[in-house]
**Student:** 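For reference, the structure I am asking about is given below.
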Amino acid sequence: QVQLVESGGDLVQPGASLRLSCAASINMFIFSAMGWYRQAPGKQRELVATITRGGTTNYTGSVKGRFTISRDGVQNMMYLQMNSLKPEDTAVYYCNAAHVLTSLTYWGQGTQVTVSS
């Protein structure tokens, strides 16, 4: 049973930083790629950042230079370091992973990030 559990969401002021964590229940080596998505109220879920098993990263334009995705294969953890947060970053953030053999995708339950003064 593959489980992804996010944590680290919080209410912060504009300009603050947060680090989100995603804990995988199994060895992350089985995932071809992992990523962070977010969904703001009334909007569709959107891709924020991805990281491949080889470490190649990709970011959506609005977070480039502010967010950093990383993974720790020993601890089976993935992170999203978010700096210079803006009110428009407010959303529920979801962890996502794709199985390298089956291409099945897995989702966490989400963690709320609210950026407000």
Side-chain angles (χ1 to χ4, degrees):
Q1 182 83 8
V2 177
Q3 287 187 320
L4 302 173
V5 180
E6 303 97 333
S7 61
D10 204 350
L11 168 63
V12 296
Q13 293 189 337
S17 297
L18 274 179
R19 189 177 80 155
L20 304 183
S21 299
C22 172
S25 61
I26 58 173
N27 192 319
M28 285 175 15
F29 186 76
I30 72 162
F31 299 136
S32 57
M34 299 184 71
W36 288 96
Y37 288 71
R38 66 186 180 187
Q39 187 166 19
K43 295 188 177 181
Q44 289 188 330
R45 191 172 296 188
E46 65 170 351
L47 174 66
V48 176
T50 59
I51 185 166
T52 67
R53 195 162 53 165
T56 300
T57 59
N58 189 44
Y59 301 90
T60 192
S62 61
V63 308
K64 279 183 181 177
R66 300 189 298 124
F67 290 11
T68 302
I69 188 171
S70 62
R71 57 192 284 174
D72 182 338
V74 175
Q75 300 293 328
N76 293 323
M77 298 287 294
M78 181 177 66
Y79 304 100
L80 185 68
Q81 177 66 43
M82 305 186 295
N83 299 327
S84 303
L85 282 162
K86 304 175 180 180
E88 51 264 41
D89 295 318
T90 295
V92 178
Y93 284 71
Y94 297 91
C95 173
N96 169 274
H99 196 287
V100 67
L101 295 177
T102 66
S103 297
L104 285 173
T105 58
Y106 304 93
W107 293 92
Q109 83 289 348
T111 185
Q112 176 71 48
V113 173
T114 303
V115 184
S116 175
S117 55

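The figures that follow rest on heavy atoms only: side chains count, while hydrogens, waters and symmetry mates do not. Quantities reported herein were computed from a predicted structural model and do not represent experimental measurements.
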**Student:** Does CD belonging to Q44 count more than 12 external heavy atoms closer than 6.0 Å?
**Tutor:** no
**Student:** To which residues is L47 joined in a hydrophobic cluster, defined by side-chain heavy-atom contacts under 4.5 Å among Ile, Leu, Val, Met, Phe, Trp and Tyr, whether direct or through other members?
**Tutor:** Y37, V92, Y94, W107
**Student:** Over all heavy atoms of both residues, which pair between I69 and G35 is shortest? Give the atoms and the distance, please.
**Tutor:** CD1-CA, 4.2 Å
**Student:** Tell me which pairs pass salt bridge (charged side-chain N to carboxylate O under 4.0 Å, His left out) where either residue lies in residues 21-31, with sequence neighbours left out.
**Tutor:** none
**Student:** In the structure I gave you, are the side-chain heavy atoms of I51 and T56 within less than 4.5 Å of one another anywhere?
**Tutor:** no
**Student:** Under a single-linkage rule joining Ile, Leu, Val, Met, Phe, Trp and Tyr whose side-chain heavy atoms are separated by less than 4.5 Å, which residues share a cluster with V74?
**Tutor:** none
**Student:** For G9, does its backbone N or O pair with a side-chain atom of T111 as donor and acceptor, under 3.5 Å?
**Tutor:** yes
**Student:** Are Y106 and M77 joined in one hydrophobic group, where the rule is that I, L, V, M, F, W and Y side chains link up if heavy atoms are under 4.5 Å apart?
**Tutor:** no
**Student:** For residues 52-67, pull every pair meeting salt bridge (charged side-chain N to carboxylate O under 4.0 Å, His left out), keeping only residues two or more places apart or in separate chains.
**Tutor:** R66-D89
**Student:** Would you say L104 and M34 are hydrophobically clustered, going by side-chain heavy atoms of ILVMFWY under 4.5 Å?
**Tutor:** yes
**Student:** Any link between L4 and I26 through a network of hydrophobic side chains (Ile, Leu, Val, Met, Phe, Trp, Tyr) touching at under 4.5 Å?
**Tutor:** yes
**Student:** Any disulfide (SG to SG under 2.5 Å) involving residues 54-117? Give me the pairs, sequence neighbours left out, ordered by first then second residue.
**Tutor:** C22-C95
**Student:** List in chain and number order the residues that pass side-chain hydrogen bond (donor to acceptor under 3.5 Å, both in side chains) with E46, two or more places apart in sequence or in another chain; answer none if no residue qualifies.
**Tutor:** R38
**Student:** Please collect all disulfide (SG to SG under 2.5 Å) contacts where either partner lies in residues 47-79, sequence neighbours excluded, each pair once.
**Tutor:** none
**Student:** For the backbone of P87 and the side chain of T90, can you confirm whether one donor and one acceptor N or O come within less than 3.5 Å of each other?
**Tutor:** yes
**Student:** Let me check something: do V2 and W36 share a hydrophobic cluster, defined by ILVMFWY side-chain heavy atoms less than 4.5 Å apart, either directly or through other members?
**Tutor:** yes
**Student:** Can you list everything that forms a ring pair (Phe, Tyr, Trp, His ring centres under 6.0 Å) with F67? Sequence neighbours excluded, please.
**Tutor:** none
**Student:** Below 4.5 Å, heavy atoms only, C-beta onward: do V113 and L18 meet side chain to side chain?
**Tutor:** yes
**Student:** Step by step, would you call S32 with T52 a side chain to side chain contact (heavy atoms under 4.5 Å, CB included)?
**Tutor:** CA-CA 6 Å; S32 57; T52 67; over 6 Å; no
**Student:** Using side-chain heavy atoms (C-beta onward) and a distance below 4.5 Å, is L80 in contact with Y93?
**Tutor:** yes
**Student:** Quick one: does Q13's side chain have a donor or acceptor within less than 3.5 Å of a partner on V115's backbone?
**Tutor:** no
**Student:** Looking at residues at least two apart in the chain, or sitting in another chain, which of them share a side-chain hydrogen bond (donor to acceptor under 3.5 Å, both in side chains) with T114?
**Tutor:** Q112
**Student:** For residues 15-26, pull every pair meeting side-chain hydrogen bond (donor to acceptor under 3.5 Å, both in side chains), keeping only residues two or more places apart or in separate chains.
**Tutor:** S17-N83
**Student:** What disulfide (SG to SG under 2.5 Å) pairs are there with at least one residue in residues 32-75, not counting sequence neighbours?
**Tutor:** none
**Student:** What residue pairs, at least two apart or across chains, pass side-chain hydrogen bond (donor to acceptor under 3.5 Å, both in side chains) with a residue in residues 67-80?
**Tutor:** none
